[in-house]
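All chains are named by letter (A, B, ...) in the order of the sequence lines, taking the proteins before the strands, and each is independently numbered beginning at 1.
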Protein chains: 2
Amino acid sequence: MARSGPRTFDRDAALEAATLVFWEHGYSGTSISQLTAAMKINPPSLYAAFGDKRALFTEVVNRYNATYGRFMADAFAEETTATGLVHRLIMGAAEHYAEGSHPPGCLVIAAAANNSPGNAEVSIELADRRNANRDLLQSRIADAIRSGELPADTDARGLATYVVAVIQGMSQQARDGVNTETLMAVGEMALRTWPVQPMSAAGRRG
Amino acid sequence: MARSGPRTFDRDAALEAATLVFWEHGYSGTSISQLTAAMKINPPSLYAAFGDKRALFTEVVNRYNATYGRFMADAFAEETTATGLVHRLIMGAAEHYAEGSHPPGCLVIAAAANNSPGNAEVSIELADRRNANRDLLQSRIADAIRSGELPADTDARGLATYVVAVIQGMSQQARDGVNTETLMAVGEMALRTWPVQPMSAAGRRG
DNA sequence: GACTATCTGTAGCGATCGCTACAGATTGGA
DNA sequence: TCCAATCTGTAGCGATCGCTACAGATAGTC
């Protein structure tokens with residue numbers, strides 16, 4: 001077999017393979033031997049290219065957010081109203097979480113739920129990402145209340161938590177085998193609770 | 001130290017201790033040494049009294065459903081309308097998932113999310129329990145549609161999945177640090193999407 | 001009070017974990 | 001063409017995993 005010289009494997013393809021394994025089995029449920037088998041490299045190559053398991057996972061999560069999870073960042077960047085933003089977040093989750101081309105659900109939600117004390121840092125890392133998203137959504141909702149898009153008595157914290165909970169629940173349901181069609185129905189039901197200014201035409205509801 | 005004779009430890013107290021550890025760290029994230037430390041027994045006593053780690057976990061889950069998770073079974077047993085049932089499931093989750101007297105969230109939802117291939121059976125065991133609950137709720141909703149409690153065009157599958165997703169999302173949010181007050185707000189928002197017969201007085205909405 | 005049965009504590013089993021030392025193989029530069 | 005540098009594969013490190021053999025200690029029986 002070919003040994004040495006410049007790197008012989010595709011770093012991004014290896015990251016993609018690692019992503020799918022972490023997505024399916026979570027951080028602690030994935031072993032180095034599983035990773036090296038999926039990435040088609042040997043342990044020393046993995047450690048030379050990515051550092052250690054922890055650093056590889058962080059790189060995987062960052063890449064995930066820029067690829068599979070991109071619809072979230074895009075929604076935050078492109079939607080100017082809280083109503084449009086929430087609609088796109090929820091329906092995007094419904095659309096993507098049960099696609100057959102990758103493991104079900106959201107990697108950031110599902111990949112570090114069970115963690116031994118030794119892996120607590122990884123749980124915290126993902127929880128921080130989830131909570132940052134929720135806080136960002138809350139601030140966008142607060143903006144919408146100030147601008148008059150949403151009623152003045154709207155509970156920004158509660159509403160943001162509700163939206164994030166629905167998305168996380170859809171991720172779990174996708175993991176439990178629910179298909180895209182049902183997730184879409186869930187998303188539409190979730191959006192019916194959205195507060196609308198009585199005299200406003202800002203709502204997206206059909 | 002005292003050795004031997006009849007069993008010297010309280011079996012149920014040991015189960016309770018094991019419950020809290022599994023609840024916090026999940027199945028694969030909990031080691032035998034953690035369990036024996038929390039249960040204040042040594043490995044041979046654990047294996048003599050409970051079989052192995054897997055059997056202990058199953059016993060823990062059954063006991064959990066009869067204690068901490070009892071509000072779910074009670075709601076199914078005591079509520080006669082789908083509306084009342086769903087109200088009690090969601091508000092019960094909101095009330096209990098962030099209590100400070102035990103780990104946050106629901107053990108059945110959180111304890112086997114990350115699993116290596118060797119622990120796949122445990123994931124399936126909990127997924128089956130979750131899906132059985134969802135299917136039971138769906139059948140109760142279908143009954144309510146037939147009886148006229150809910151509109152005839154109600155999507156029983158979608159609605160049951162929505163309710164279960166909200167509950168699972170609340171569990172995740174509790175794990176991420178959200179308090180009871182916010183969970184209550186989430187539950188009330190979730191119930192606003194409940195379909196009501198226009199001419200009926202069956203709704204519980206405030 | 002010896003005997004049997006049962007439980008407990010110590011110690012350690014084989015397997016796997018994340019990770020790495022080492023040497024063989026191949027490349028680019030001199 | 002030979003060297004220095006770099007990557008790869010083999011093999012195995014110490015630690016921990018789930019689990020158990022073994023022997024010491026206590027209880028009930030006669």
Side-chain angles (χ1 to χ4, degrees), chain A residues 1-15 17-18 21-22 24-61 111-112 114-123 125, chain B residues 1-15 17-18 21-22 24-61 111-112 114-123 125:
Chain A
M1 294 194 178
R3 277 195 183 187
S4 196
R7 178 174 294 144
T8 63
F9 66 93
D10 181 340
R11 195 177 189 280
D12 193 68
L15 262 182
V21 181
F22 276 130
E24 178 80 34
H25 299 292
Y27 179 77
S28 63
T30 298
S31 68
I32 297 291
S33 63
Q34 278 177 272
L35 287 168
T36 55
M39 299 163 85
K40 294 174 185 167
I41 59 177
N42 289 307
S45 298
L46 187 156
Y47 284 87
F50 302 104
D52 60 7
K53 186 186 178 185
R54 176 84 194 287
L56 170 61
F57 182 71
T58 298
E59 199 164 340
V60 157
V61 173
N114 299 137
N115 265 328
S116 59
N119 296 136
E121 295 171 352
V122 181
S123 288
E125 179 182 334
Chain B
M1 294 193 180
R3 276 195 183 187
S4 194
R7 178 174 294 143
T8 62
F9 66 92
D10 182 340
R11 195 176 188 282
D12 193 67
L15 261 182
V21 182
F22 276 130
E24 177 80 34
H25 300 293
Y27 178 78
S28 63
T30 299
S31 67
I32 297 290
S33 63
Q34 277 177 272
L35 287 168
T36 55
M39 299 162 85
K40 293 172 185 166
I41 59 178
N42 288 307
S45 298
L46 187 155
Y47 283 88
F50 301 103
D52 60 7
K53 185 185 179 185
R54 177 83 195 286
L56 170 62
F57 182 71
T58 298
E59 200 165 339
V60 159
V61 173
N114 298 138
N115 264 328
S116 59
N119 296 136
E121 295 172 352
V122 182
S123 288
E125 179 182 333

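Inspection of the N119(B) and S116(B) side chains reveals an N or O donor paired with an N or O acceptor under 3.5 Å.
With sequence neighbours excluded, the residues satisfying side chain to side chain contact (heavy atoms under 4.5 Å, CB included) with E59(A) are R11(A), L15(A), F50(A).
Within residues 35-53 of chain B, the residues approached by DNA chain D to less than 4.0 Å at the level of any non-hydrogen atom are P43(B), P44(B), Y47(B), D52(B), K53(B), in residue-number order.
When all heavy atoms of K53(B) and T30(B) are compared, the pair lying nearest together is NZ-O, 2.7 Å.
Applying the 4.0 Å criterion to OP1 and OP2 of dC17(C), one finds that S33(A) has a side-chain N or O inside that range.
A distance-only check finds a donor-acceptor pair linking the side chain of D10(B) to the backbone of A13(B) [under 3.5 Å]. When atom types are taken as modelled, the side chain of T36(B) and the backbone of I32(B) share a donor-acceptor pair closer than 3.5 angstrom.
Side-chain contact check for F22(A) versus Q34(A): every heavy-atom pair is 4.5 Å or farther apart.
A straight line from CZ of F9(A) to P of dT6(D) spans 16 Å, rounded to a whole angstrom. As rounded to whole Å, 14 Å separates atom P of dC19(C) from atom CZ of F57(A). Rounded to an integer number of Å, the gap from I32(A) CD1 to dG12(D) C1' is 16 Å.
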